[in-house]
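Quick notes on the structure that follows.
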Amino acid sequence: MAEFARRHEAELSRRRIVATGTTGGRIKEACPSLDVTRLKSGPLGGDQQIGAMIATGEVDMLIFFVDPLTSMPHDVDVKALMRLATVYDIPMALNRATAEILLTPGALGA
């Protein structure tokens, strides 16, 4: 995610970025100029915090890279986050190719 943020720093600088704690820290380290709101670490409730923000209309896009070959200790929370993005019809990228499409200028009417 940090490498993705570095490659798309200009586009991301025009957006509000909310991230789980660890991911947010890595993004901030890679791109100090970005304004990153860091929530709790994913396994400690950060995924659920983002889910709540989706439910209250505070999120308009979800980029959440997953490694399908590695188990996640908070897999249930990640699946709940993906379910909320689907229920609330939030564009969601789970891999780099889709995320790059979502960040293409004009892709979401932005």
Side-chain angles (χ1 to χ4, degrees):
M1 184 61 84
E3 176 57 31
F4 178 83
R6 206 176 356 258
R7 289 182 54 209
H8 298 280
E9 189 169 358
E11 177 60 28
L12 291 172
S13 70
R14 294 184 281 256
R15 300 177 183 270
R16 177 178 179 217
I17 301 170
V18 177
T20 55
T22 304
T23 301
R26 289 181 182 159
I27 292 170
K28 193 68 177 165
E29 186 177 297
C31 306
S33 68
L34 292 180
D35 182 19
V36 179
T37 301
R38 292 176 63 190
L39 305 176
K40 293 181 183 281
S41 175
L44 299 178
D47 300 328
Q48 292 176 348
Q49 287 179 295
I50 292 173
M53 293 175 77
I54 290 172
T56 57
E58 298 174 67
V59 173
D60 61 4
M61 168 193 320
L62 177 66
I63 298 176
F64 196 105
F65 291 164
V66 295
D67 180 353
L69 303 178
T70 304
S71 65
M72 292 176 281
H74 56 117
D75 186 59
V76 173
D77 297 328
V78 173
K79 286 180 180 171
L81 182 61
M82 293 187 308
R83 187 170 33 260
L84 281 168
T86 301
V87 167
Y88 286 93
D89 204 24
I90 302 297
M92 173 175 47
L94 303 177
N95 61 44
R96 183 181 309 266
T98 306
E100 288 182 353
I101 291 169
L102 290 181
L103 288 183
T104 301
L108 296 177

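Not measured: the values here are computed from a predicted model. The residues of the chain are indexed from 1 along the displayed sequence. Worth knowing before you read on, the calculation uses all heavy atoms, side chains too, and leaves out hydrogens, waters and symmetry mates.
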(message) Once rounded to the nearest 0.5 Å, what's the spacing between atom CD of E11 and atom CG of L102?
(response) 10.5 Å
(request) Could you walk me through whether R7 and E100 pass side-chain contact (heavy atoms from CB on, under 4.5 Å), step by step? (result) CA-CA 10 Å; R7 289 182 54 209; E100 288 182 353; 3.4 Å; yes
(request) Using a cut-off of 6.0 Å, state whether more than 12 heavy atoms not belonging to R26 lie near its atom CZ. (result) no
(request) Determine whether V87 and I90 fall in the same hydrophobic cluster, where Ile, Leu, Val, Met, Phe, Trp and Tyr are linked whenever their side-chain heavy atoms lie under 4.5 Å apart. (result) yes
(message) Could you check whether any side-chain heavy atom of M82 comes within less than 4.5 Å of a side-chain heavy atom of F64, counting everything from C-beta outward?
(response) no
(message) Salt bridge or not between R6 and E9? Use side-chain N to carboxylate O under 4.0 Å.
(response) no
(request) State which residues pass side-chain hydrogen bond (donor to acceptor under 3.5 Å, both in side chains) with E29; sequence neighbours excluded, sorted by chain then number. (result) none
(request) Using side-chain hydrogen bond (donor to acceptor under 3.5 Å, both in side chains) as the criterion, list what pairs up with D75, not counting sequence neighbours. (result) K79
(request) Mind listing the closest non-hydrogen atom pair of I27 and A5 along with its distance? (result) CG2-CB, 4.0 Å
(message) If you compare all heavy atoms of M92 against all heavy atoms of A85, which two are closest, and at what distance to 0.1 Å?
(response) SD-CB, 3.9 Å
(message) Measuring from atom CD1 of I50 to atom CG of L39, what distance do you get when rounded to the nearest 0.5 angstrom?
(response) 5.5 Å
(request) Could you grab the distance from atom CG of L103 to atom CD1 of I63, nearest 0.5 Å is fine? (result) 4.5 Å
(request) For T98 and L94, indicate whether the former's side chain and the latter's backbone hold a donor-acceptor pair under 3.5 Å. (result) no
(message) Distance check, rounded to the nearest 0.5 Å: D35 atom CG versus R15 atom CZ?
(response) 14.5 Å
(message) Can you tell me how far apart CZ (R16) and CE (M53) are? Round to the nearest 0.5 Å.
(response) 4.0 Å
(request) With rounding to the nearest 0.5 Å, note down the distance linking OG1 in T23 to CD1 in I17. (result) 12.0 Å
(request) Would you mind reporting whether L81 and I54 have side-chain heavy atoms less than 4.5 Å apart? (result) yes
(message) Would the distance check show the side chain of K28 and the main-chain N or O of L34 forming a donor-acceptor pair, the cut-off being under 3.5 Å?
(response) yes
